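I have placed the structure first, in the form of structure tokens, so that the comments after it can refer back to it.
Along the sequence shown, residues are numbered consecutively beginning with 1. All figures in this text were calculated on a predicted structure; none of them were measured in a lab.
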Amino acid sequence: MTFCGMAASVAAIVLLTFSPARAVALDRATESVVLTVSGEIGVTNSGDAAEFDFALLESLPVFTLHTTTPWTDGEQVFEGVLMRDLMNQVEAAGTVLQARALNDYMIEIPVNDFEETDVILAYRHNGERMTVRTKGPLWIVYPDDSGNPEAVHRMIWQLRTIEVVR
């Protein structure tokens with residue numbers, strides 16, 4: 001092998017080793033869909049959207065967040081998926097999320113919030129799967145020490161859809 005051929009092989013190995021991991025293909029939801037992600041995404045499982053049931057969400061890395069919120073008493077324990085992991089899973093390409101709740105309340109959330117802070121898409125609260133009555137089935141929760149003055153306004157509960165835009 002020539003020096004140029006060896007250098008090209010080494011460069012290819014380095015690029016493969018240090019390239020960011022691509023999202024794994026997303027299986028189809030087999031149970032009731034609890035979250036639909038659409039818009040500027042590269043991984044889908046239902047037309048041009050990514051639909052998640054609890055099994056699909058729970059197959060992603062689980063993150064536990066101990067925090068307080070204005071709507072609960074004392075420190076709470078939330079379990080779910082880091083929003084940055086969810087955005088990586090669907091290969092989100094936009095800079096803003098339009099998050100919509102079951103009652104059609106909508107809030108825009110900058111994607112860079114998830115790079116700077118461990119924001120969680122919670123599906124468990126104090127060990128119990130959340131229900132509509134307990135702000136579920138999904139709740140975007142920021143840690144109380146995020147330092148983001150908008151965090152409290154971006155904690156949308158009863159989340160049902162996310163559209164990745166811009």
Side-chain angles (χ1 to χ4, degrees), residues 23-24 26-27 29 31-46 48-166:
V24 177
L26 189 60
D27 291 333
E31 298 174 10
S32 296
V33 172
V34 293
L35 177 67
T36 301
V37 182
S38 62
E40 300 296 319
I41 61 174
V43 174
T44 63
N45 64 357
S46 179
D48 59 355
E51 293 182 336
F52 292 86
D53 57 16
F54 280 117
L56 286 172
L57 288 173
E58 290 171 341
S59 73
L60 298 173
V62 177
F63 185 83
T64 302
L65 175 65
H66 297 258
T67 193
T68 60
T69 78
W71 307 279
T72 55
D73 294 325
E75 186 175 86
Q76 306 292 306
V77 179
F78 294 95
E79 292 175 75
V81 179
L82 283 171
M83 286 298 295
R84 68 175 154 263
D85 289 348
L86 180 65
M87 293 299 98
N88 286 337
Q89 173 61 47
V90 298
E91 294 182 357
T95 59
V96 174
L97 303 184
Q98 292 179 340
R100 188 172 304 275
L102 293 172
N103 67 357
D104 283 330
Y105 173 79
M106 195 271 295
I107 187 75
E108 290 193 343
I109 304 172
V111 172
N112 67 1
D113 277 11
F114 314 141
E115 297 162 8
E116 301 165 1
T117 306
D118 289 336
V119 179
I120 187 174
L121 175 66
Y123 47 76
R124 290 193 188 280
H125 180 199
N126 294 330
E128 300 292 325
R129 185 173 280 167
M130 291 187 294
T131 65
V132 172
R133 175 167 258 165
T134 60
K135 299 195 179 343
L138 301 172
W139 185 0
I140 294 178
V141 181
Y142 283 67
D144 56 6
D145 64 352
S146 72
N148 183 337
E150 295 299 315
V152 72
H153 304 293
R154 294 177 180 159
M155 287 199 271
I156 182 171
W157 56 78
Q158 297 178 338
L159 180 69
R160 71 176 168 103
T161 64
I162 295 173
E163 183 176 2
V164 183
V165 297
R166 297 197 277 279

Min side-chain heavy-atom separation W157-W71 under 4.5 Å: yes

Quick one: do V43 and E91 satisfy side chain to side chain contact (heavy atoms under 4.5 Å, CB included)? Show the steps, please. CA-CA 6 Å; V43 174; E91 294 182 357; 3.7 Å; yes

Walk me through it: do Q76 and H125 pass the test side-chain hydrogen bond (donor to acceptor under 3.5 Å, both in side chains)? CA-CA 7 Å; Q76 306 292 306; H125 180 199; 2.6 Å; yes

Quick one: are Y123 and V34 in side-chain contact, heavy atoms under 4.5 Å? no

How long is the straight-line distance from CE of M106 back to CD of E163, given to the nearest 0.5 Å? 9.0 Å

Any chance CG of D48 has more than 12 other-residue heavy atoms, nucleotides or ligands included, within less than 6.0 Å? no

Using only atom types and a distance under 3.5 Å, with no angle test, would you say the side chain of R100 pairs donor to acceptor with the backbone of D104? yes

Looking only at non-hydrogen atoms, find the nearest pair between S59 and L56 and report the distance. OG-O, 2.6 Å

Do L138 and M130 have side chains that get closer than 4.5 Å, going by heavy atoms? no

Pair D118-L82, side chain to side chain contact (heavy atoms under 4.5 Å, CB included): steps then yes or no: CA-CA 6 Å; D118 289 336; L82 283 171; 3.8 Å; yes

Suppose we screen for side chain to side chain contact (heavy atoms under 4.5 Å, CB included). Which residues come up paired with P70, at least two apart in sequence or across chains? V152, M155

With rounding to the nearest 0.5 Å, note down the distance linking CD1 in I156 to CG in L102. 9.0 Å

D27 versus N45, closest heavy-atom pair with distance: O-ND2, 2.7 Å

Nearest 0.5 Å, what's the CE-CG distance between M83 and N88? 11.0 Å

From CG (N148) to NE2 (H153), nearest 0.5 Å: 9.5 Å

With sequence neighbours left out, the residues meeting salt bridge (Lys or Arg N to Asp or Glu O under 4.0 Å) with D73 are none

Does any part of the side chain of L60, heavy atoms only, come nearer than 4.5 Å to the side chain of D85, both counted from C-beta? no

If we only count heavy atoms from C-beta on, is the V119 to I140 side-chain gap below 4.5 Å? yes

Taken to the nearest 0.5 Å, the spacing of F63 CZ from L65 CG works out to 6.0 Å

So, using side chain to side chain donor-acceptor pair (under 3.5 Å) as the criterion, who are the partners of Y142 when residues are at least two apart? D113

Is any side-chain heavy atom of E51 closer than 4.5 Å to a side-chain heavy atom of T44? no

Mind listing the closest non-hydrogen atom pair of D53 and S32 along with its distance? CB-O, 3.3 Å

Axial cation check for F54 ring with R129, 6.0 Å and 45° limits: yes

Does some side-chain heavy atom of W139 sit less than 4.5 Å from a side-chain heavy atom of T134? no

With a 3.5 Å distance limit and no angle check, can you tell me whether N126 reaches the backbone of V77 through a side-chain donor-acceptor pair? yes

Under the 3.5 angstrom rule, does the side chain of T69 hit a backbone N or O of T72 as a donor-acceptor pair? yes

Separation between CG of L57 and CZ of F52, rounded to the nearest 0.5 Å: 6.0 Å

Are T161 and L35 close enough that some pair of their side-chain heavy atoms sits under 4.5 Å apart? no

Which pair of non-hydrogen atoms, one from R84 and one from T117, has the smallest distance, and what is that distance? NH1-O, 3.2 Å

Which heavy-atom pair separates V37 from V164 by the least distance, and what is that distance? CG1-CG2, 4.2 Å

Tell me, please, which residues at least two apart from N103 pass side chain to side chain donor-acceptor pair (under 3.5 Å). none

Could you list the donor-acceptor pairs under 3.5 angstrom formed between side-chain atoms of residues 92-99 and any protein atom two or more places apart in sequence or on another chain?
from: T95; atom 1: OG1; to: R166; atom 2: O; distance (Å): 3.0
from: Q98; atom 1: NE2; to: E108; atom 2: OE2; distance (Å): 3.0

What pair of heavy atoms forms the shortest contact from T64 to E79, and how long is it? OG1-CG, 3.8 Å

R160 side chain to A101 main-chain N or O, any donor-acceptor pair under 3.5 Å? yes

Would V132 and Q158 count as a side chain to side chain contact (heavy atoms under 4.5 Å, CB included) if you check the C-alpha gap in whole Å, the side-chain angles of each, and the deciding distance to 0.1 Å? CA-CA 6 Å; V132 172; Q158 297 178 338; 3.2 Å; yes

Taken in chain and number order and not counting sequence neighbours, the residues that satisfy side chain to side chain donor-acceptor pair (under 3.5 Å) with T68 are D144

